[in-house]
Amino acid sequence: MTEKYNMPDERGHFGPYGGIFVAETLIPPVQELDAAYQRYMNDPEFIAEMDADLQHYVGRPSPLYHAERWSNELGGAQIYLKREDLNHTGSHKINNTIGQALLAKRMGKTRIIAETGAGQHGVATATIAARLGLECVVYMGSVDVARQSLNVYRMKLLGATVVAVESGSKTLKDALNEALRDWVTNVDNTFYIIGTVAGPHPYPAMVRDFQAIIGREARQQCLDQTGRLPDALVACVGGGSNAIGLFHPFIDDASVKMYGVEAAGDGIETGRHSAPLSAGRPGVLHGNRTYLMSDDDGEIIETHSISAGLDYPGVGPEHAWLKDTGRAEYPNITDNEALEGFHALTLMEGIIPALESSHAMAYTMKLAPTMRKDQIIIVNLSGRGDKDMQTMARREGIEL
Amino acid sequence: MSRLAATFEALANSGRKALIPFITAGDPHPDFTVGMMHAMVEAGVDVIELGVPFSDPVADGPVIQRASERALAHKMSLRRTLDIASEFRKTNQQTPVVVMGYLNPIEAMTYEGFANAAQRADIDGVLTVDLPPEEAKEFSDSLKAREIDPIFLLAPNSSDERIKKMDEIGSGYLYYVSLKGVTGAGHLNSVDVENKLQEIRKNTRLPVAIGFGVKDAETAKTIGNIGDGVVIGSALISKIEAHLDEPELAKNEIVELLTTMRLALDSLSAS
């Protein structure tokens, strides 16, 4: 590969994927956002303000930690964890919300809306809205409100209004639908902070660029600590923002393999999963063309995953492109396997991962033993597991 | 000349305005829709917009969302919507039928596959809510090749440049969304609509139908005075929702409402 990777095109296409597929009323705000994003991503003052926030408010750079005991136990590649779980608010989501909220401020928007699944993006948005003194409304499927009540309480403490969405499957996709309906109604004063690399252009590229700090840091940290690049990257993929954040700075490093781990729920063969790249088909939803879980009639199928953050029928269009071109691979991990990953990391390294990130841990347990001891895997530990204590306890029949 | 172009030309020649009802195919039951379409024609409507139920109708308010959910519960689909249109066409060759929905069901059929099926069903127009002109070239071409009109939305914040774009790529009519919001939303401001229509007219000679927020004969008259046609959707579907166990009652109330709207619109041409 001699040509440098340079996606998307100016209208947001990653090959046949991405683009802008929204109703007419949303075209002007999407164009306005694209113009602001192009302008401020090249504005040294904006970048300096964002970098200062990432350093002093979020706590970046996040460590790259050699999980030596776990690596030895698995008996293969050396495993390094990118510790996004140590960020303020407990996940990678805040990298993006800081960037978008600063953009909202520059654009003169006074009201922030967001969708959330597990609540991590909702918390990260409510947090930055509180800090900047912006009104904040978070849409969350009522099923997720029930299974992530701790995060709902956090958002409310932070001054956000949490709207439980009762339509459709009452999960992340329906929260996104409702947020889009709010945006189309309040376009004049409202900035929609999308939490993943989905939505109409420029969101997939913009969110990627805000999250790419994960991969830039990890690349340098790996070189500093080991003197070489990693052999493989592993990250979980729902919409895919933590994965693309880790992958993107390595795309031109042909020797680095990339594994985006989808949620297989009860198993791909059962149909109860959230793995559009493994078992879906291309289509259009939420403003872009990508792989989707959809039936022969083009209706979106209900998804399933133990992890609310991966419970989404689509995936970022750039992942669709990386899959088709073969640059990244997209294996999948079931609920039960993810739980094994959860317990393994907790017991071997004293780190409790989020259920989303546990999918990446579980795949690492399969991958590492197939590799040599002098090889290196960087795994994105995208969030911490505190929010999942209730789900875990319930699953194990324990009353808290 | 397409059935839609002929309809709008005839209306213009007689100084009348198009009355365009929207109902969701298969709501509350697949057996209901064809009869409802014929009844609406008898009430004096000029064009019928047939909504294709979709699992994720992001541009729709709660009323049309629930209509979609009811229809989907009966396994309604884009293919079956076209079947309904076909059935209607067996005994009505005059009234244009526009299929309105979201892109993903069309993608699932492929553009060519859908265009062929729409032609077989003798569909007159297709309005795809989440397909803006920038992404629509291939799809519009495959419709136009079969003399089906691709219909595009205009919004209060559409620039002159975009109106020109719709004029180039669209045909049949343009659908002006009278307010920023979802279907069935609050009150529209007729002064704003009138000002925007002046801008739109400067950039297109296509007929302009106005929808979103039209609830009754009074708003229909106000809006009819500004545009070439009036679209009414959520207010009709609310009647279906109010009488889910007695669809015949819903049908009668819909006919009654459309009849009063027809009279209100025709009073414009008489005055």
Side-chain angles (χ1 to χ4, degrees), chain A residues 10-13 16 18-32 115 165-169 173-190 199-201 281-290 292-302 313-314, chain B residues 52-62 65-66 68-69 71-72 75-81 101-110 114 128-136 152-159 161-163 165-166 174-183 185-186 212:
Chain A
E10 76 282 359
R11 286 199 289 125
H13 297 110
I20 297 177
F21 294 90
V22 293
E24 181 58 22
T25 316
L26 286 181
I27 295 282
V30 160
Q31 289 174 338
E32 183 194 3
E115 85 294 338
V165 177
E166 297 288 349
S167 59
S169 59
K173 84 171 172 74
D174 309 284
L176 233 149
N177 291 344
E178 210 52 41
L180 283 167
R181 291 181 186 117
D182 179 312
W183 197 26
V184 85
T185 308
N186 301 293
V187 284
D188 295 329
N189 71 342
T190 297
H201 179 67
R281 63 176 93 194
V284 170
L285 181 71
H286 294 151
N288 67 93
R289 183 179 285 116
T290 186
L292 296 175
M293 305 265 297
S294 114
D295 66 15
D296 290 341
D297 290 322
E299 305 294 343
I300 305 304
I301 302 172
E302 289 198 12
Chain B
V52 183
F54 183 50
S55 51
D56 296 83
V58 291
D60 286 302
Q65 285 175 44
R66 289 193 295 265
S68 255
E69 285 177 14
L72 289 173
K75 304 269 176 242
M76 186 46 58
S77 64
L78 177 54
R79 285 182 186 85
R80 293 184 70 195
T81 302
Y102 295 81
L103 185 56
N104 201 50
I106 293 173
E107 294 245 332
M109 289 180 77
T110 75
F114 168 75
T128 314
V129 177
D130 53 352
L131 183 63
E134 288 82 358
E135 299 281 357
F152 286 88
L153 296 175
L154 286 173
N157 50 358
S158 298
S159 63
E161 186 196 340
R162 292 194 67 76
I163 300 166
K165 213 172 258 178
M166 312 296 178
L174 293 173
Y175 184 137
Y176 178 60
V177 174
S178 65
L179 46 80
K180 293 174 190 161
V182 293
T183 52
F212 283 44

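Below, read A as the first sequence line, B as the second, and so on, with proteins coming before strands; counting in each chain starts at 1.
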* Asked: At a heavy-atom separation under 4.5 Å, does A/Ile300 approach chain B through its side chain, its backbone, both, or neither?
  -> both
* Check whether A/Arg281 gets within reach of chain B through its side chain, its backbone, both or neither, counting any heavy atom under 4.5 Å. => neither
* Asked: Could you state the interatomic distance from OG1 (A/Thr25) to CG (B/Leu154), rounded to the nearest 0.5 Å?
  -> 9.5 Å
* Exercise: identify the closest heavy-atom pair between B/Leu153 and A/Glu24 -> O-CG, 3.5 Å
* Asked: Taking the side chain as C-beta and beyond, is there a heavy-atom pair between B/Asp56 and A/Asp174 under 4.5 Å?
  -> yes
* Considering only heavy atoms, which portion of B/Pro62 lies under 4.5 Å from any heavy atom of chain A: side chain, backbone, both, or neither? -> neither
* Approximate separation, where rounding is to 0.5 Å, of A/Leu285 CG and B/Phe54 CZ -> 5.5 Å
* Asked: Is it the backbone or the side chain of B/Glu134 that comes under 4.5 Å from a heavy atom of chain A, or both, or neither?
  -> both
* Asked: Where does B/Leu103 contact chain A at under 4.5 Å (heavy atoms): side chain, backbone, both or neither?
  -> side chain
* Structure fact -> Here the gap from B/Lys180 atom NZ to A/Asp188 atom CG, rounded to the nearest 0.5 Å, amounts to 3.5 Å
* Pick whichever of B/Pro132, B/Ser77, B/Ala108, B/Ala59 has the most heavy-atom pairs under 4.5 Å with chain A. => B/Pro132
* To do: State whether the number of non-hydrogen atoms from other residues, nucleotides or ligands found under 6.0 Å of A/Asp296 atom CG is greater than 12.
  => no
* chain B heavy atoms under 4.5 Å from A/Asn186: which part of the residue, side chain, backbone, both or neither? -> neither
* To the nearest 0.5 Å, what is the distance between CD (A/Glu299) and CG (B/Asn104)? -> 8.0 Å
* **Closest-packed option against chain A by number of heavy-atom pairs under 4.5 Å, given B/Arg66, B/Arg162, B/Arg80, B/Arg79** => B/Arg162
* Structure fact -> Under 4.5 Å to a heavy atom of chain A? For B/Met109 that would be neither
* Structure fact -> Nearest heavy-atom approach of A/Ser167 to B/Gln65 is CB-OE1, 3.7 Å
* Asked: Relative to chain B, which segment of A/Leu26 carries a heavy atom at a distance below 4.5 Å: side chain, backbone, both, or neither?
  -> neither
* Select one option (side chain, backbone, both, neither) describing which atoms of A/Glu166 are under 4.5 Å from chain B's heavy atoms. => neither
* To do: Using a cut-off of under 4.5 Å on heavy-atom pairs, state which of A/Ile20, A/Asp295, A/Leu180 scores highest against chain B.
  => A/Ile20
* Tell me, side chain or backbone of A/Val187 under 4.5 Å from chain B's heavy atoms, or both, or neither? -> side chain
